[in-house]
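As structure tokens, the structure follows; a few thoughts come after it.
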Amino acid sequence: MISSFLFLLLLISAYGESRTAIAQTQDFKQVLAFRGELDVVNKSDVFSPTLDQSYWTLTANYVIQDGILVQKDQVIITFQEMDAKADLRKAARAHHLELKDLELKEFELEKEKQELLVQQKRHRINLKKAQTYLLEDEQHLLPRIEREKAKLEVQAATLELDQANKARDEFEKRAETAREVQKIKLEDAREELDKKLKTLESMEVKAPVTGIFYRPLVNLGNSKEKIQPGKSVSGGTKIAEIVNFEKFVSRIYAVQSDAISISPGDRVQLEITAN
């Protein structure tokens, strides 16, 4: 920081005699030392895969070395796939069962439909037979009791046909609902299968950008360590950074007693010493 101050310059001879005293102003520099940190401006954080299962953690298989230049989408870390593969197999079985359940439901519905169609056809035939029996007696030669009986048979056949038609209509509505429910179950199983597949694919962590690979200290169990093969970590944990060293930002921390010596707008010459 550059400022001005007034000081008194005393010129004293070798004999101790005072000759002159001249008051002058002159710029001076104040040197202050602060602690701080230096950080890159452009960096991308890398996280372990996010897990929807709370009963297993991720164990690293392969981790690229610090300081290596990596390209975007390059594999930089891999995790053991045993649990992810087990969950994928389970989801695949569930999806297969739902698919077979849909096929079985379609078979059962088709069988029931054919049975209803047969009933409709049979009742139509019975009605036609009863109606034909009455039409053939145009001369009313049948005894009255037989004719009344024939009329009742027509009414009964008509009622049975109406019930068969109603049963068919109710079946169509019920079948549509059953198919929709089964398809929803199949879609849910498919979504779960896709999710497990993505989880398995995420066991290979790829670089989000091009830059220098760096592993910071992270919480691994009860201690802070760098991620490395054999170490386990929870899902969604920051495990690495991809940094670009073209631009830096410095953060300086000053105690209050030193901070009062600096004001916004002061011209300073900054020298950074990194350990």
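Taking the side-chain hydrogen bond (donor to acceptor under 3.5 Å, both in side chains) definition, one finds that R190 meets it with D194, sequence neighbours left out. Remark: N61 engages no residue in a side-chain hydrogen bond (donor to acceptor under 3.5 Å, both in side chains) (not counting sequence neighbours). With sequence neighbours left out, the side chain to side chain contact (heavy atoms under 4.5 Å, CB included) criterion links E172 to K113, R168. Looking at residues two or more places apart in sequence or on another chain, you find a salt bridge (charged side-chain N to carboxylate O under 4.0 Å, His left out) between R179 and E106. Residues meeting the salt bridge (charged side-chain N to carboxylate O under 4.0 Å, His left out) test with E170, sequence neighbours left out: none. Not a single side-chain hydrogen bond (donor to acceptor under 3.5 Å, both in side chains) links K173 to another residue, sequence neighbours left out. Residues forming a side-chain hydrogen bond (donor to acceptor under 3.5 Å, both in side chains) with Q114 (at least two apart in sequence, or on another chain): E110.
Chaining together hydrophobic side chains whose heavy atoms lie under 4.5 Å apart leaves F107 on its own. With side-chain heavy atoms closer than 4.5 Å counting as contact, directly or through intermediates, the hydrophobic cluster containing F171 also holds L109, L116. Other residues sharing a hydrophobic cluster with L104 under the 4.5 Å side-chain heavy-atom criterion for ILVMFWY residues do not exist; the residue is a singleton. Here L186 is tied into one hydrophobic group with L99, L102, each link being a pair of ILVMFWY side chains closer than 4.5 Å.
For the atom pair OG1 (T177) and CZ (R174), the distance works out to 9.5 Å, reported to the nearest 0.5 Å. To the nearest 0.5 Å, atoms CG (D101) and CD (Q182) are separated by 5.0 Å.
No more than 12 heavy atoms of other residues, nucleotides or ligands lie within 6.0 Å of NZ in K105, so this atom counts as exposed by the packing criterion. Counting non-hydrogen atoms of other residues, nucleotides and ligands closer than 6.0 Å to CD of Q228 gives a total above 12.
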Below 3.5 Å, can you tabulate the donor-acceptor pairs from side chains in residues 232-245 to any protein atom, sequence neighbours excluded?
| unit_1 | atom_1 | unit_2 | atom_2 | d |
| --- | --- | --- | --- | --- |
| S232 | OG | T59 | OG1 | 2.8 |
| T237 | OG1 | S234 | O | 2.9 |
| K238 | NZ | D45 | OD1 | 3.1 |
| K238 | NZ | E241 | OE2 | 2.6 |
| N244 | OD1 | E246 | N | 3.0 |

Criterion side-chain contact (heavy atoms from CB on, under 4.5 Å) on V63 and K226, from CA distance to verdict: CA-CA 10 Å; V63 181; K226 292 185 176 183; over 6 Å; no
Verdict with reasoning, N165 to Q120, per side-chain hydrogen bond (donor to acceptor under 3.5 Å, both in side chains): CA-CA 7 Å; N165 292 336; Q120 280 183 308; 2.6 Å; yes
Test log, rule side-chain contact (heavy atoms from CB on, under 4.5 Å), inputs Y253 and R35: CA-CA 6 Å; Y253 308 103; R35 292 185 178 274; 5.6 Å; no
CA sep, side-chain torsions, deciding dist, call: L69, F213, side-chain contact (heavy atoms from CB on, under 4.5 Å): CA-CA 6 Å; L69 175 65; F213 178 78; over 6 Å; no
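Cluster annotation: I227 is connected to Y62 through the hydrophobic network of ILVMFWY side chains, with a link wherever side-chain heavy atoms come within less than 4.5 Å. Hydrophobic clustering, with ILVMFWY side chains joined whenever heavy atoms are under 4.5 angstrom apart, groups V209 together with I76. No single ILVMFWY cluster, assembled from side-chain heavy atoms under 4.5 Å apart, contains both I184 and L193. Residue V218 is not grouped with residue Y214 when hydrophobic side chains (ILVMFWY) are merged at heavy-atom distances under 4.5 angstrom, including chains of intermediate members.
Among the candidates E98, E180, H95, the single residue satisfying the side chain to side chain contact (heavy atoms under 4.5 Å, CB included) test with K185 is E98.
A salt bridge is defined here as a Lys NZ or Arg NE, NH1 or NH2 lying under 4.0 Å from an Asp or Glu carboxylate O, and K206 with D73 fails to meet this definition.
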